Amino acid sequence: MAAFHFELVSPERLIFSGEVEQVVVPGSEGVFTVLQNHAPMMSTIRPGVIEVTSATGADKLFVRGGFADVSAKGLTILAEQAIPLADLDVAKIDAELRAVEEDIEDASTDATRFAALLRRDQLAAMRAALNL
Amino acid sequence: MPSLKDLRNRIASVKATQKITKAMQMVAAAKLRRAQLAAEAARPYAERMEAVLANIAGAITPGAGPALLSGNGRDNVHLLVVCTAERGLCGAFNSSIVRLARERANSLMAQGKTVKILCVGKKGYDQLRRQYEKEIIELIELRSVKQMAFTDADPIGRKLIALFDQGEYDVCTIFFARFRSVILQIPTALQLIPAQFAKGEAAAGAQASYDYEPSEAGILESLLPRNISVQVFRALLENAASEQGARMSSMDSATRNAGDMIKKQTITYNRSRQAMITKELIEIISGAEAL
């Protein structure tokens, strides 16, 4: 398969930059796959797993939302946070989930409640990603 | 005339100070390298973000976009976000940022506008508090932060947006020091809200026909708040690198000054020691002659 340029950046650093063959992106309106010569598009991303296939093998990373930008130059993903699936720990996520559930119940204001709900959704997505 | 013992003590104390400044300089040098790496690593994200935003912003008719992009049509209340260090002993670093912010605040007040100040970093707060006690709305301390992470900047960005949505201010400007080199840090004012982009980029990006998912406005709406956080993050990273750079060069000159002082004091010490020996000799000789 023909390769195209793919970059995955988080606010802290450039996580991945190189030639890949195929990337599956969890868009906010549905999962889509980017191959070479994809039409220019931009989409927000929901928390989920991106699958990167390159000549050397496949890679799965969990992203916590962000943006995907497909242009003539290739695909750029601006992720809020990206963690390789191998680095995720089920027990840790479950513990955090429980903590967040408590936060939701304890939340005194709408803002903190909303933040906790958002965090729970992200954790739930992370958990779901592991069960793939 | 100080006694020999006084001189010896003074030399010893300057030597101790020199050891401290020397150590601080070396620590700053190590931290500077880390801060610089972090600032460089964060650059790709901010650049892409800016390119993408300029691209969409160019396609949207001026004045029609969301309030974060085009402003809310007023400019009566200005929020100045002053980012400084948590610690002193870094030369003119804090005061130069504060000076820039103060000049801006005074000129805005002279025009009859309302000024609000949000301090990030304790040193800036300490300096601004004397003059703008009433204007300062909050102090955000990042003392516990060792390595600036995006999660430190994000709450500040969110706070700025929340305040903007509540109509607390109309224009937001962030003050920080841009890192050029170890000896040069440039105090900078950057307008965050309404957002400003380089015109050239916007014009170039507008040609590409993009597909937007969910919609252009939807993306812009989620991208703009994020951009604020990213800009804050970038300012904080630049600031961290600048602080260490400023500390390194000021501690370097402090070490050098201490060295000069030790040299001078040692000469005085030796001279007065010599003078005392000579005096004693003269006393002995003249005493022997008198016999």
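Atoms considered below: every heavy atom in the structure, side chains included; atoms not considered: hydrogens, waters and symmetry mates. Just so we're on the same page: letters track the sequence lines, and every chain starts at 1. Everything numeric in this text was worked out from a predicted model, so none of it was measured.
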Chain A: which of B/Ala42, B/Pro214, B/Ala46, B/Pro44 shares the most heavy-atom pairs with it under 4.5 Å? B/Pro214
What part of B/Ala149 is in contact with chain A, defined as an atom under 4.5 angstrom from a non-hydrogen atom: side chain, backbone, both or neither? both
Chi angles and distances behind the side-chain contact (heavy atoms from CB on, under 4.5 Å) call for B/Tyr212, A/Ser43: CA-CA 6 Å; B/Tyr212 293 101; A/Ser43 170; over 6 Å; no
Measuring from A/Thr44:OG1 to B/Leu223:CG, what's the distance to the nearest 0.5 Å? 9.5 Å
Chain B contact via A/Ser71 - which portion, at a heavy-atom distance below 4.5 Å: both
Is the number of heavy atoms from other residues, nucleotides or ligands within 6.0 Å of CZ (B/Arg158) greater than 12? no
Between the CG atom in B/Leu220 and the CE atom in A/Met42, the distance rounded to the nearest 0.5 Å is 8.0 Å
Does A/Glu105 have more than 12 heavy atoms from other residues, nucleotides or ligands lying within 6.0 Å of its CD? no
Heavy-atom proximity to chain A below 4.5 Å, by part of B/Leu237: neither
B/Lys116, NZ: over 12 other non-hydrogen atoms inside 6.0 angstrom: yes
Using a 6.0 Å cut-off, check whether atom CD1 of B/Ile183 has over 12 heavy atoms from anything other than its own residue. no
Show the numbers, then the answer: is there a salt bridge (Lys or Arg N to Asp or Glu O under 4.0 Å) between A/Glu80 and B/Arg226? CA-CA 9 Å; A/Glu80 268 178 48; B/Arg226 207 148 171 77; 3.7 Å; yes
Charged N to carboxylate O under 4.0 angstrom, A/Glu7 versus B/Arg48? yes
Working to the nearest 0.5 Å, report the span between OH of B/Tyr45 and CG of A/Leu8. 10.0 Å
Check whether A/Ser28 gets within reach of chain B through its side chain, its backbone, both or neither, counting any heavy atom under 4.5 Å. side chain
Between A/Ala68 and chain B, with a heavy-atom cut-off of 4.5 Å, which part of the residue counts as in contact: side chain, backbone, both or neither? neither
Does A/Asp106 have more than 12 heavy atoms from other residues, nucleotides or ligands lying within 6.0 Å of its CG? yes
Is it the backbone or the side chain of B/Phe233 that comes under 4.5 Å from a heavy atom of chain A, or both, or neither? side chain
